[in-house]
Number of protein chains: 2
Amino acid sequence: MTGNKSALKNATNLKFLAEHLGLSQTTVSRALNGFPEVNYKTRQLVQAAAQKFNYQPNARAKRLATGRSMAIGHLVSVSKGHEIVNPIFADFIAGASARYIESGYDLLLSLVPDEKELSAYNDLAARDAVDGVIIHTPKEDDKRLKRLNELNLPFVVHGRSTKSNEVYNWVDVNNESAFFRATEFLIDLGHRSIALVNGMADLDFAIRRTKGYERALSKHQIDAVSDYILYGEMTEPYGYRSTIALLDRPIPPTAIIASSILVANGVRRGIEERGLKMGHDISILSHDDDLSYFRDESDVPVYSATRSSVRVAGYKSADLLIKTIEDPTRQREGILIEADLMIGTSTKPAKS
Amino acid sequence: MTGNKSALKNATNLKFLAEHLGLSQTTVSRALNGFPEVNYKTRQLVQAAAQKFNYQPNARAKRLATGRSMAIGHLVSVSKGHEIVNPIFADFIAGASARYIESGYDLLLSLVPDEKELSAYNDLAARDAVDGVIIHTPKEDDKRLKRLNELNLPFVVHGRSTKSNEVYNWVDVNNESAFFRATEFLIDLGHRSIALVNGMADLDFAIRRTKGYERALSKHQIDAVSDYILYGEMTEPYGYRSTIALLDRPIPPTAIIASSILVANGVRRGIEERGLKMGHDISILSHDDDLSYFRDESDVPVYSATRSSVRVAGYKSADLLIKTIEDPTRQREGILIEADLMIGTSTKPAKS
DNA sequence: AAGTACTTTCAAAGCGCTTTGGATATCTCT
DNA sequence: AGAGATATCCAAAGCGCTTTGAAAGTACTT
């Protein structure tokens, strides 16, 4: 028994349509797919009939016949123990999905345990289930790039892998310059003790952020206190805990840079729990991925922030990937997005 | 030209394997798929060869041959203007994906504009691209259920559609009882002016939450002040704005119930901006979806909350859907999850 | 020894589309 | 009017798998 159920659901296949019209499947197929060698009148008839019967080519058959999956894979790796799905991911996906829809691609999502990540790509390639993939949160030297190049599977990295020797497509925010400007902005406000509550230490973007931060300090001849840089999973509680720890230092910072809005929320909680007031007693500056569920439409934003829409990054990544899939010989490309520096109420001049 | 590229990527197909082994495709296929009518020795040989050549059946061909897509669709509708991807979604997906992987299903994600939502399901069914779908954030009388039943496409609703007459699978938190208990808990603490910062008014869960809230008030002979119930998209800024508005009322509430942790964050910001202290001057109780990126491992939670893991709900939804797909005659089922009431530091007895 | 029942294997059909390589009809031009 | 071009359509092959229906080989009975 094959396809009985599907036959029930969708009795209108190409064969039926062709017979109904008294035409060959070839002609019907071509008429619907816009081939030139079909008579105008015929095409009209075919289209009308297709409309009438709500005909849509069976996706499975089409994929087999064309040898293309018309699907893009997004693998998200989750570690055993702390199974965190990056909240930023939802917005990125939203942007990417919009682009996929324009070109008729499906978005395939899969969460895989950390240790199976590489083999998951192998499987995907062997099954030939997707035409390309997006790589999320790359490490500084990410093994996935090499693997995907070996598998000859088109991909785009959201972010970069600085120490990788591979040739690859990427879409990234200029983290280094964003955090350089953020830090310098705080220095200009008179702050000298500036902490950085960063993401996980092995992630490429976190390393770049540290680099920008340190470059600003060194430009202004401020000694970087290594204690002031914290690394961790970017959750709200992490921001909170980090802040409490920072405020307990002999010399507490007068300004804190947070790596995401969620972390900033935690930082704020820590500050307020200590009876301090954000902006007045201590400044907060955050990186803001412009997440839809955090977005504030008020004139003056709450947090001063380096802002860049992760949704836009998603759209651009998808766009780049589709271009690569449709022309594999295409030169690999990197797209660098500059973040805006938005001044809100959370940063004030340092008390002297 | 068909499948050239894919041939490059994966030269090892069934035909090659069969020829290499000197067996028919039938036997090889059966050996790998665990059919009983194949000799033990033969099966060993086949499996060894498959391993050696890293053979994985081509997903496209398999799907066409079996008439099954081995994919589950998740359609998320986004409204023009405020394109919000529910952050809860990420965690739900994580739970569902785990279940899909167990049974070899792919997860197909698609964001569709509000107005195209219904037709998107038609397309999905006509293309026969998925074996089933999950319905997110249902309205009180959701049109999608009827449509999907007409299309004969298996589905599970995350939540319920109280006023719908359709027969359907669902997985839902007991919102009514959760919010009843939450409200009663606050009443027991002496609060009489309790506000509810709810989700969008047309969503089923929001209506149930209001119901639970009102039932508790009425049980304790407290007049429900309609002004105290607010409806809106559950973002942080919404929580903030609502709180500011509530505090400006002639009789400001002494306790606020928030519909999600994000909203609670906003509520807290509003409270603190007014120089009040959470817990001391005003109590906050939230519904907590136990989102991974908000989870706090500390002994005493910050927010008192009705807690229920949305990730678990995702897993259960997926499980129910797969069962329905594999046995379409299966009785439709509803799974009701009770939320826990966790007492944190954000609720204190009302000042008298 | 011949009939019956398994066990094990296979050739071929089929899933529903796209694409190749004609075939037929219609025009155009000399 | 006939050759060559052009427009329009079609039969059949192919995508890589699963599944059907049969055949061949083995073992067991009587």
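Bear in mind the structure is a predicted one, so any value in this text is a computation, not a measurement. Per chain, numbering begins at 1; letters A, B, ... match sequence-line order.
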If you pin A:Thr26 and A:Glu37 to their nearest nucleotides in DNA chain D, which one's is more 5'?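 The residue closer to the strand's 5' end, by nearest nucleotide, is A:Glu37.
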Per [X] side chain, nearest of listed nucleotides [options]:
| X | options | value |
| --- | --- | --- |
| A:Asn58 | D:dC17, C:dC17, D:dC9 | C:dC17 |
| A:Ser24 | C:dT9, D:dC10, D:dC17 | D:dC10 |
| A:Ala65 | C:dT18, C:dT19, C:dT9 | C:dT18 |

Protein-nucleotide distance ([X], atom [atom1]; [N], atom [atom2]), rounded to Å:
| X | N | atom1 | atom2 | value |
| --- | --- | --- | --- | --- |
| B:Arg60 | C:dG16 | CZ | P | 18 Å |
| A:Asn33 | C:dG16 | CG | C1' | 13 Å |
| B:Leu23 | C:dA11 | CG | C1' | 14 Å |
| A:Leu64 | C:dT19 | CG | C1' | 13 Å |
| B:Leu21 | C:dT9 | CG | P | 12 Å |
| B:Phe35 | D:dT18 | CZ | P | 8 Å |
| B:Arg127 | C:dT18 | CZ | P | 13 Å |
| A:Arg68 | D:dG14 | CZ | P | 23 Å |

Distance test, side-chain N/O of [X] to OP1/OP2 of [N], below 4.0 Å:
| X | N | result |
| --- | --- | --- |
| A:Thr66 | C:dT18 | no |
| A:Asn39 | D:dT8 | yes |
| A:Tyr55 | C:dG16 | no |
| B:Thr27 | C:dC10 | yes |

Please determine if [X] and [Y] form a salt bridge, counting it only when a charged side-chain N lies under 4.0 Å from a carboxylate O.
| X | Y | answer |
| --- | --- | --- |
| A:Asp106 | B:Arg127 | yes |
| A:Asp128 | B:Arg60 | yes |
| A:Arg160 | A:Asp142 | no |
| B:Lys323 | B:Asp319 | yes |

Just checking, any donor-acceptor pair under 3.5 angstrom between side chains of A:Asp91 and A:Ser292?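 Yes, side-chain donor-acceptor contact under 3.5 Å.
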Look at all strands and tell whether B:Arg63 reaches a base, only sugar-phosphate, or nothing, counting heavy atoms closer than 4.0 Å.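 B:Arg63: no heavy atom of the nucleic acid under 4.0 Å.
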When the nearest nucleotide of DNA chain C is assigned to B:Tyr40 and to A:Lys62 on a heavy-atom basis, which residue is associated with the more 5' position? B:Tyr40
